[in-house]
There are 2 protein chains.
Amino acid sequence: MAKGYDASLFPDGEAAYKGFMRDHYDICILDIMMPKKDGFTLAKDIRIVNPDVPVIFLTAKNMKEDVLEGFKLGADDYITKPFSMEELIMRIEAILRRTSQENLANAQPVFTLGRYTFDTRKQTLAEGDEVVKLTTKEADLLKLLCQNANKILERNYALKSIWIDDNYFNARSMDVYITKLRKHLSKEPTVEIINVHGKGYKLIM
Amino acid sequence: MAKGYDASLFPDGEAAYKGFMRDHYDICILDIMMPKKDGFTLAKDIRIVNPDVPVIFLTAKNMKEDVLEGFKLGADDYITKPFSMEELIMRIEAILRRTSQENLANAQPVFTLGRYTFDTRKQTLAEGDEVVKLTTKEADLLKLLCQNANKILERNYALKSIWIDDNYFNARSMDVYITKLRKHLSKEPTVEIINVHGKGYKLIM
DNA sequence: TTTCAGGCTTAACAATATTTAACTCCGAAT
DNA sequence: ATTCGGAGTTAAATATTGTTAAGCCTGAAA
C-alpha cells in the first residue's frame, strides 16, 4: 500500500471484527456507518479484547453527539468526511508517533536481560566475559521479544516480520528458535520466555 | 478552571513562549493567528526546547495547507473553529490518555489470595516455595476474577474477553476452567469461587 | 570447482493446553 | 414435587507447542 503501510480493508463490521481477532493491527480506522456491525459497536467489542489499540472514527455525519460518543468510547481521533488523504495520513502518524514507543525500543541496540547483555548489532549474548554469537534468526527473534518485553509478541506479527510468510512450517521453525533462545537464556531464572497459547510468546523480565 | 484542569492563558505568542519556559505544561493548545508570534512559529520554538510535549493547533482557517503544515510540525491534533468546548476537552483527554499512560491498564501484576500469591505476568500461583505454572486460560480467568474480587464477574464479559465469542461451547469450556481454578485454590478455605446462578462467578476473599 | 561448516528448515515424535462430549447435580420457577 | 436450564465434573478428542535430529542449502575456504 502507499506510504509504506500494510493495511486491510473489510466490507462490514463483522468481517472487520474477525479480521481484528485473527491478525495484529497497530491502529483501527472505523467507519461509523457500516453494514452488520456499526463502528461504535465494533469499537466496544475491540476494546473488550484490546483496551490499548488506537481507534480513529470516520464518518459523514458531523453531529456533535456522535463525536462525543466516539471519544467516550476511547477514540483517539475523529474525522468527518470529506477529508483529504493527506490529512488522514497526518492524523494517523500523529497518533502512531505517540503510541509506538517501539521507535524508541527499535533504536535501542543493546538490551540487558538479567545477567546477560544482548547486542542486537553484533548479534551477541554476553554473560560477563563469556560471549555467545547468535545466528541472524536467533538475534532477530530475541530482538522482537526484547522490544515487546513483558508484552505479548504475537506469532503472526513475529512470523511476518522475520519469516515474511506465516505458514505452518515457518511457525514450526519459530518454535525451534524459541527453544534455542530458552537454552541460551537458561542460566538466568529471572528471564523467561513463556508461551501464550494460541497467541504468541512473552518475554518476562 | 472547569473540568479539573489547571490552565494558563496568554494574550500572544511571545507571552506564551515565556510562560512555557517558566513553567511545566502537560499539553499546549496554540491558536495559529496570534499577535507577535504566530502558532506555527511558537510551535517550532517550543519543539526546540521540548520535542515531546503534545501540541494542538486551533484555528479559524480551514485551509488544507495549514492543517498539513501543523501536522508536519508535530501537532497531535488540529481543531478548526467553531468547535464545542466538549469536543476540545474530549480531544485533549484522548491525547493525554495516550501521553500520560504509565501502564495504568497493566495495573496490578500480583495478587495475594490467602496463602497463595498469583503473578499475572509469570502466570504462576505460589504457595510458599511451591510454585505452580498456570496455563494461559487459567491465568486469564483468574486475573479477571481477581480484578473483580468480591464483585460479580459476568459470564458474557469473561467469555468475550478471554474466549472472544460467547457461544455454548465456550461457556462449557469456561466451566471446566472454573473447576481447575477451584482445585488450584483448594488448600485455602478463605478463598472461594462461587457461582451466581444465571449471572457469572464471584471470587470471595 | 569441490568440499565443508554453519544456519535454517523440515520431519517426527513427545508433551501440554484447550475444547468437546457425556453425564451428573443443583437451583429456581411452576 | 416436578421440570428445565444452568453449572460441575471427568475423560476423551483435538490443537498447539516443545524437542531433537536429520536434511538441505549456501557461502567461504581449499
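Letters A, B, ... are given to chains in the order of the sequence lines, protein chains preceding strands, and every chain is numbered from 1.
Atom CE in A:Met174 sits about 13 Å away from atom C1' in D:dT16, given to the nearest Å. The NZ atom of A:Lys137 sits 19 Å away from the P atom of D:dC24 (whole-angstrom rounding).
With a heavy-atom cut-off of 4.0 Å to chain A, the contacted part of DNA chain C has its first and last nucleotide at C:dG7 to C:dT18.
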Stepwise side-chain hydrogen bond (donor to acceptor under 3.5 Å, both in side chains) check, A:Thr135 with A:Tyr177
CA-CA 10 Å; A:Thr135 72; A:Tyr177 277 92; 4.5 Å; no

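Applying the salt bridge (Lys or Arg N to Asp or Glu O under 4.0 Å) definition to pairs two or more places apart or across chains, those involving residues 40-51 of chain B are B:Lys37-B:Asp45.
When heavy atoms are screened at a 4.0 angstrom cut-off, A:Ser173 is found touching base atoms of the nucleic acid.
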Sugar-phosphate or base contact per nucleotide [nucleotides 7-12 of chain D; S, B, -; heavy atom under 4.0 Å]
SSBB--

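By the salt bridge (Lys or Arg N to Asp or Glu O under 4.0 Å) test, A:Arg182 is found to be paired with no residue, residues two or more places apart in sequence or in another chain being considered. By the salt bridge (Lys or Arg N to Asp or Glu O under 4.0 Å) test, B:Lys133 pairs with A:Glu192, sequence neighbours left out. Listed by chain and residue number, nothing satisfies the ring pair (Phe, Tyr, Trp, His ring centres under 6.0 Å) test with B:Tyr17 (two or more places apart in sequence, or in another chain). With sequence neighbours excluded, the residues that form a ring pair (Phe, Tyr, Trp, His ring centres under 6.0 Å) with B:Phe40 are B:Phe57. Applying the salt bridge (Lys or Arg N to Asp or Glu O under 4.0 Å) rule to B:Asp76 yields the partners A:Arg98; only residues at least two apart in sequence or on another chain are considered.
Map B:Lys180 and A:Thr136 each onto its nearest nucleotide of DNA chain C; the residue landing nearer the 5' end is A:Thr136.
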Please table the atom pairs, donor to acceptor, closer than 3.5 Å between any side-chain atom in residues 125-132 of chain B and protein atoms at least two apart or in another chain.
{"residue": "B:Glu127", "atom": "OE1", "partner": "B:Lys187", "partner atom": "NZ", "Å": "3.2"}

